[in-house]
Structures are given as C-alpha cells and as structure tokens.
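What follows is a set of notes on a single structure, which appears directly below.
Please read these numbers as outputs of a predicted model, since none were measured by experiment. Every number for a ligand or one of its atoms is a count from 1 in the order of the listing.
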Amino acid sequence: MGGDAARVKARILSDGGLRAAFAALFGDPAPMAAEDVLVAAGKAMAAYQETLVSPPTPFDRFRDALAAGRDDPAYPAAARRGLKLFVGRGRCSLCHFGPLFSNGEFADAAIPYFVPGGVDWGRYGGIQFLRASPFNLLGRHNDDAGGDSDFKTRHLKLEHRNFGEFKVPPLRGVADSAPYMHDGSLATLTDVARHYSDLDLERLHVDGEAILRPCT
Ligand code: HEC
C-alpha cells in the first residue's frame, strides 16, 4: 500500500497538468504525505465517477412506455419472455432491482470459491480487510468527522454466512460487459443463465441464501 501511495504521488508530481489540477483542489502535493495524496486523488476520482450516467437502454424505453400506460412495440418478444422469468420464476429481481438492478447488498450466487492457488473468501475476507484498512470510514481520512457515515462500518459483524458472499452487481448495460461474475468465470450471459438454472445447492450455504433455486 505504501508503494502504491508513493507511485501515485510521483505520478502526480511528474505531470504538470495533473499537479495543477490537484493543487487547485487540495493544495500543493509536494509537501503532503504520500498516503494523503493517494486518498485525495481517490476522493477526486470517486466524485468524478458519481457524475457518470449510463445511457438509456431499450429496457429503459420499454419501462418508460409502460409507466406512461403505453406499449413499446420495438421491445423484442424474447426480451419480454426474459423479463417475465427475471421478475417471476427466476426470482432474479429479489436481489437485482431498482434503477441499477442491485439491492446494494452482498449475497451468495454460488460461484465456486476454490480458485487456483487457494480459496476466494469473498466478503468474509473483505470484512477483515476493511476493518484493518487505514482507509475505512472509522479512520482519519473520513471527512465526516462526528457524523454518522461510519455507522455501518462500526457495527459490521463478521459472520459465517459472509464466506462466499459478493456484492450484488448492477446489471445496467450488462450485455456489453462480459465476462461475468467477480472472477470473470462466466464468458457469456447464456452461461450466467445456465449457472443460475443448474444451481449447485450443495455449494450454497445452508445458512445463506434461501432465495436461489435451480430450474426444475
Ligand atoms: C440472492 C441474490 C441474487 C439473486 C436472487 C440473483 N442474483 Fe445475480 N448476482 C448476485 C451476486 C451476489 C452476483 C455476483 C456474484 C459474483 O461476482 O461472484 C450476481 C451476478 C450476476 C450477474 C453478473 C453481472 C456481472 O457484471 O458480472 C448477472 C448477469 C446476474 N447476476 C443475473 C441474475 C439473474 C438472471 C438472476 C435470476 C435467475 C439472478 N442474477 C439472481 C446475486 C443474486
């Protein structure tokens, strides 16, 4: 981590444009500790990312038409069948819903956790990493001193069920973002549909998701 911070600081110092843009927001980076430069750059990038808006999709147009009491004849029959499964028998919309098709939570979608060289712990490892990180919301880099933005971090519990959980990803424009799952192990959306349809119930925790079930 120290190496990353030093590299980011060196990169900003060596680029006149970047250095001036940084200085305009946070002051001259030269005398700052490398960790503070890294954090400031990270906050600037996060603020930029929050301005990004994904373009309208055929589904948005279909949804808008329905909300206005119309049909959208351009929306294909196969997509309508898929949508019925998505909100119906497939139970997909229990986790993937809202404008981003994500509940913003973590869940176990039964992706195998054995990876070359070991085990992928998912959120179980993620929570331990977060707690140990100097960049978490309990640390000195949180701008909301005295506020309650650290509430969730403070009350986060490590539970057995977190093993194999991953963040429920948004699905906007998902057709253009192959490969799929956190490890990129599923190459196409057909593979994803097959994965959910042939679900390995042995792999899902008994105390984990009671939502997903294979297609019978
Ligand atoms: C219990 C909550 C839950 C349900 C129900 C669920 N998903 Fe997911 N979905 C997830 C999680 C968690 C991931 C990320 C898994 C990973 O990265 O290993 C995911 C990943 C995906 C992805 C990959 C997105 C990407 O960018 O990599 C697609 C596509 C997807 N789900 C579609 C579906 C479909 C279709 C259904 C219904 C058959 C469904 N999901 C039901 C939680 C759920």
Side-chain angles (χ1 to χ4, degrees), residues 45-46 48-50 52-63 66 72 75-131 133 152-153 156-216:
M45 282 168 68
Y48 167 69
Q49 285 179 347
E50 286 190 16
L52 299 177
V53 177
S54 61
T57 64
F59 177 77
D60 293 328
R61 286 188 280 274
F62 178 62
R63 184 242 160 243
L66 290 189
D72 172 14
Y75 200 62
R80 289 168 199 247
R81 286 199 303 275
L83 179 58
K84 273 196 183 135
L85 281 173
F86 195 88
V87 299
R89 201 151 54 94
R91 311 175 120 214
C92 316
S93 58
L94 292 180
C95 295
H96 298 284
F97 63 80
L100 297 178
F101 297 91
S102 169
N103 57 6
E105 289 294 334
F106 294 78
D108 185 357
I111 295 298
Y113 32 56
F114 293 105
V115 290
V119 171
D120 187 341
W121 289 22
R123 195 175 191 221
Y124 196 86
I127 289 178
Q128 288 168 314
F129 181 82
L130 177 74
R131 280 183 173 162
S133 169
K152 282 187 173 171
T153 316
L156 195 58
K157 282 205 189 84
L158 189 63
E159 293 176 41
H160 176 70
R161 57 163 296 155
N162 300 133
F163 199 87
E165 283 186 336
F166 290 89
K167 188 136 194 198
V168 177
L171 301 182
R172 286 192 63 78
V174 74
D176 298 324
S177 67
Y180 300 106
M181 306 319 207
H182 70 278
D183 55 0
S185 58
L186 300 178
T188 65
L189 283 178
T190 307
D191 294 331
V192 174
R194 201 166 283 136
H195 163 77
Y196 279 113
S197 174
D198 300 341
L199 212 58
D200 179 0
L201 285 180
E202 297 287 312
R203 158 65 189 78
L204 273 183
H205 300 149
V206 250
D207 59 346
E209 302 309 328
I211 295 175
L212 286 164
R213 49 191 67 154
C215 189
T216 45

Counting heavy atoms under 4.0 Å, the part of L171 that contacts ligand 1 is side chain
Honestly, for Y196 the part within reach of ligand 1 (heavy atoms, under 4.0 Å) is side chain
Could you tell me, atom by atom, which parts of ligand 1 come under 4.0 Å of a heavy atom of [X]?
| X | value |
| --- | --- |
| H182 | 16 (C), 17 (O), 18 (O) |
| C95 | 1 (C), 2 (C), 3 (C), 4 (C), 5 (C), 43 (C) |
| I111 | 18 (O) |
| G90 | 37 (C), 38 (C) |
| C92 | 34 (C), 35 (C), 36 (C), 37 (C), 38 (C), 39 (C), 41 (C) |
| R91 | 5 (C) |

Residue set satisfying ring pair (Phe, Tyr, Trp, His ring centres under 6.0 Å) with Y180, at least two apart, ordered chain then number -> none
[X] versus [Y]: any side-chain heavy-atom pair under 4.5 Å?
| X | Y | answer |
| --- | --- | --- |
| R131 | L158 | yes |
| F163 | V119 | yes |
| C92 | V87 | no |

- Query: Any chance the rings of F86 and Y196 have centres within less than 6.0 Å?
  - Reply: no
May I ask you to check if ligand 1 and P170 share an N or O to N or O distance below 3.5 Å?
no
Here the pair of heavy atoms bringing M181 nearest to I111 is CG-CD1, 3.4 Å
Looking only at heavy atoms, the pair that brings F106 and K167 closest together is CD2-N, 3.5 Å
Does the residue [X] have a heavy-atom contact with ligand 1, meaning some pair of atoms that are separated by less than 4.0 Å?
| X | result |
| --- | --- |
| L94 | no |
| L189 | yes |
| E165 | no |

message = Is the ring pair Y75/F62 parallel, tilted or perpendicular, if the boundaries are 30 and 60 degrees?
response = parallel
Hits for side chain to side chain contact (heavy atoms under 4.5 Å, CB included) against P56, two or more places apart or cross-chain, chain-then-number order -> D60, R61
Task: Residue H96, metal atom 8 (Fe) of ligand 1, N/O/S under 2.8 Å - done: yes
